[in-house]
Amino acid sequence: MEDKKVAMKNFTEDEIKEYMKEIGEKAFRGSQIFSWIYKGAENFDDMKNIPKSLREKLEQNAYIGTLEQELKLESKIDGTKKYLFLLADGNIIETVMMDYGDRTTVCVTNQVGCRMGCNFCASTIDGLVRNLEPWEILDQIMQVQKDTGKRVSNVVMMGSGEPLDNFENSKKFLEIVNEENGLNLGYRHITLSTCGIVPKIYELADLEIPINLAISLHSPYDSIRKEIMPVAKSYTIDEIIKACRYYIKKTNRRITFEYSLIKGVNDSEKEADALAKLLKGMLCHVNLIPINKVDEREYEKPDKVYIYKFRDNLEKHNIPATVRISRGSDISGACGQLRRKYK
């Protein structure tokens with residue numbers, strides 16, 4: 001039934017005002033409705049200063065857009081929270097909230113499943129089911145804020161799915177989440193992670209939105225990258241680096257290169273040297289991620305000594321690098337894994 005209705009959380013404030021005019025109402029009602037949505041109203045009857053006739057009209061033609069919390073797990077180690085949200089079509093998505101004390105970060109999912117096929121990732125095992133709409137990405141943040149009572153300060157688009165494979169909806173989400181009278185989340189507090197869809201990196205750069213871009217690189221060699229990431233068959237590392245340089249020029253933002261360390265695959269000193277040579281002179285940072293164990297895969301993380309040796313090797317070549325500390329290890333498993341087990 002909701003297919004024919006419009007989702008109000010898919011609109012910016014100006015778009016809701018425009019929608020009001022289209023249905024024969026005064027534009028200022030749009031600002032009132034927008035305000036109610038971001039005060040947490042989940043149905044039109046909560047909007048007390050909206051005339052009953054308009055509320056009834058909205059009920060017939062629109063819906064606000066609210067995810068249903070199906071399950072919440074909380075880490076006993078570090079307080080990380082992992083949510084499963086139920087979508088209207090019965091699909092399940094995951095969202096993770098990490099509390100760092102001085103900031104609260106939410107990792108949002110962008111698609112149900114994923115079609116990128118990266119060998120080390122659980123999210124892609126069942127392939128792509130569908131793209132999320134902008135409101136379905138946005139409401140993950142709103143539901144976490146409602147549940148925790150904390151304002152989300154940072155968002156990472158690093159959950160299930162490839163944001164640049166859902167480009168139009170990701171772009172719209174970025175527009176809505178930045179709305180001054182909405183969540184008002186600054187672009188510099190948002191990171192979008194991609195496995196390297198080159199044409200879309202250029203499109204994103206041309207928008208000149210100063211978000212942070214993270215590239216899943218995982219090897220300085222095309223041959224290795226093709227083995228672990230099917231997308232590498234479409235775009236070479238040189239093409240990705242060229243697109244990244246363009247992105248930096250357009251946005252003046254530092255790029256993060258994510259590098260999942262896999263024992264015996266991409267963790268040698270030779271790889272570290274080649275990676276340093278590849279990134280020399282770029283405004284960038286390397287985030288080293290010891291691989292998470294995925295039941296369906298045989299990959300293992302390197303011993304700690306090799307992880308820190310790899311980092312030290314990069315830093316010796318003046319490439320800033322950090323080792324990502326895994327959070328919520330007692331509740332999460334790999335990204336996408338909980339969703340599959342729950343289903």
Side-chain angles (χ1 to χ4, degrees), residues 95-111 116 118 132 134 137-138 140-141 144 151-179 182-218 231 235 237 240-260 275 278-279 281-289 311 314 319-327 335:
T95 307
V96 177
M97 187 276 257
M98 295 154 284
D99 190 348
Y100 296 99
D102 62 334
R103 69 190 191 281
T104 300
T105 298
V106 169
C107 176
V108 295
T109 279
N110 198 273
Q111 295 175 311
M116 295 297 110
C118 300
L132 294 189
I137 308 169
L138 181 86
Q140 293 171 60
I141 303 166
V144 169
R151 172 167 162 76
V152 170
S153 57
N154 296 71
V155 170
V156 290
M157 300 173 77
M158 292 183 183
S160 294
E162 163 58 68
L164 297 189
D165 189 40
N166 185 17
F167 187 79
E168 291 304 320
N169 288 342
S170 294
K171 184 169 81 170
K172 187 69 184 181
F173 159 74
L174 289 169
E175 186 183 358
I176 300 167
V177 80
N178 184 243
E179 282 278 275
L183 289 181
N184 194 23
L185 200 74
Y187 286 133
R188 292 168 191 273
H189 297 277
I190 300 171
T191 300
L192 183 150
S193 175
T194 175
C195 63
I197 302 177
V198 168
K200 296 299 179 187
I201 295 173
Y202 283 103
E203 277 191 56
L204 187 65
D206 286 338
L207 296 174
E208 297 188 29
I209 303 171
I211 60 167
N212 305 298
L213 184 64
I215 304 287
S216 295
L217 197 63
H218 311 313
V231 72
Y235 309 108
I237 290 170
I240 290 170
I241 296 299
K242 190 178 173 188
C244 287
R245 291 186 188 280
Y246 182 80
Y247 186 88
I248 293 166
K249 185 181 171 187
K250 279 285 199 174
T251 63
N252 202 29
R253 301 297 289 158
R254 182 181 76 166
I255 285 184
T256 296
F257 288 98
E258 296 170 310
Y259 194 102
S260 290
L275 183 62
L278 181 72
L279 304 181
M282 279 187 83
L283 180 65
C284 71
H285 169 264
V286 176
N287 196 355
L288 297 170
I289 309 162
R311 181 202 65 184
L314 289 174
I319 304 293
T322 49
V323 177
R324 183 186 289 176
I325 306 300
S326 183
R327 292 177 64 92
C335 268

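Everything numeric here is computed off the predicted structure, so don't read it as measured data. What you see below is based on every heavy atom in this structure, not just the backbone, and it leaves out hydrogens, waters and symmetry mates.
- Proximity of N287 to T322: side-chain heavy atoms (C-beta onward) are separated by under 4.5 Å at one or more points.
- Using a distance-only test at 3.5 Å, with no hydrogens or angles considered, a donor-acceptor pair links the side chain of T109 to the main chain of S160.
- With rounding to the nearest 0.5 angstrom, the CG atom of L283 is 9.0 Å from the CZ atom of R253.
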Check the pair I241, L279 against side-chain contact (heavy atoms from CB on, under 4.5 Å), reporting the backbone distance first and the verdict last.
CA-CA 8 Å; I241 296 299; L279 304 181; 3.9 Å; yes
Please walk me through it: do I141 and V177 pass side-chain contact (heavy atoms from CB on, under 4.5 Å)?
CA-CA 9 Å; I141 303 166; V177 80; 3.9 Å; yes
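- Counting only heavy atoms from C-beta outward, the side chains of L278 and L217 approach each other to under 4.5 Å.
- Using a 4.5 Å heavy-atom cutoff, the side chains of F257 and C244 are in contact.
- Y100 is linked by a ring-ring contact (aromatic ring centres under 6.0 Å, His included) to nothing, counting only residues two or more places apart in sequence or in another chain.
- Residues N212 and T256 are not in side-chain contact: their nearest non-hydrogen atoms beyond the backbone lie 4.5 Å or more apart.
- Between the side chain of S153 and the main chain of T104, a donor-acceptor pair closer than 3.5 Å is present.
- Residue Q140 comes nearest to T95 through the heavy atom pair OE1-OG1, 2.8 Å, listed as atom of the first residue, atom of the second, then distance.
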Please list every donor-acceptor pair under 3.5 Å in which a side-chain atom of residues 193-211 meets a protein atom from a residue at least two apart or in another chain.
unit_1	atom_1	unit_2	atom_2	d
S193	OG	E258	OE1	2.8
T194	OG1	E162	OE1	3.2
T194	OG1	E162	OE2	3.0
T194	OG1	G196	N	3.0
K200	NZ	E203	OE2	3.0
D206	OD1	Y246	OH	2.5
E208	OE2	K250	NZ	3.3

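- Legend: residues meeting ring-ring contact (aromatic ring centres under 6.0 Å, His included) with Y259, ordered by chain and number and at least two apart, are F310.
- Residues P163 and S170 share a closest heavy-atom pair of O-OG, 2.8 Å.
- The side-chain heavy atoms of I190 and L174, taken from C-beta on, include a pair separated by under 4.5 Å.
- Taken from CG in N169 to CD1 in I176, the straight-line distance is 9.0 Å, to the nearest 0.5 Å.
- In plain terms, the two heavy atoms of M98 and C107 that are nearest each other are CE-CB, 4.1 Å.
- Counting heavy atoms from C-beta outward, L192 and L213 have side chains that approach closer than 4.5 Å.
- Looking at N166, its side chain does come within 3.5 Å of a backbone N or O of N110 through a donor-acceptor pair.
- Panel note: side chain N178, backbone L185; a donor-acceptor pair is recorded below 3.5 Å.
- Of all heavy-atom pairs between M282 and I248, the closest is CE-CD1, 3.7 Å.
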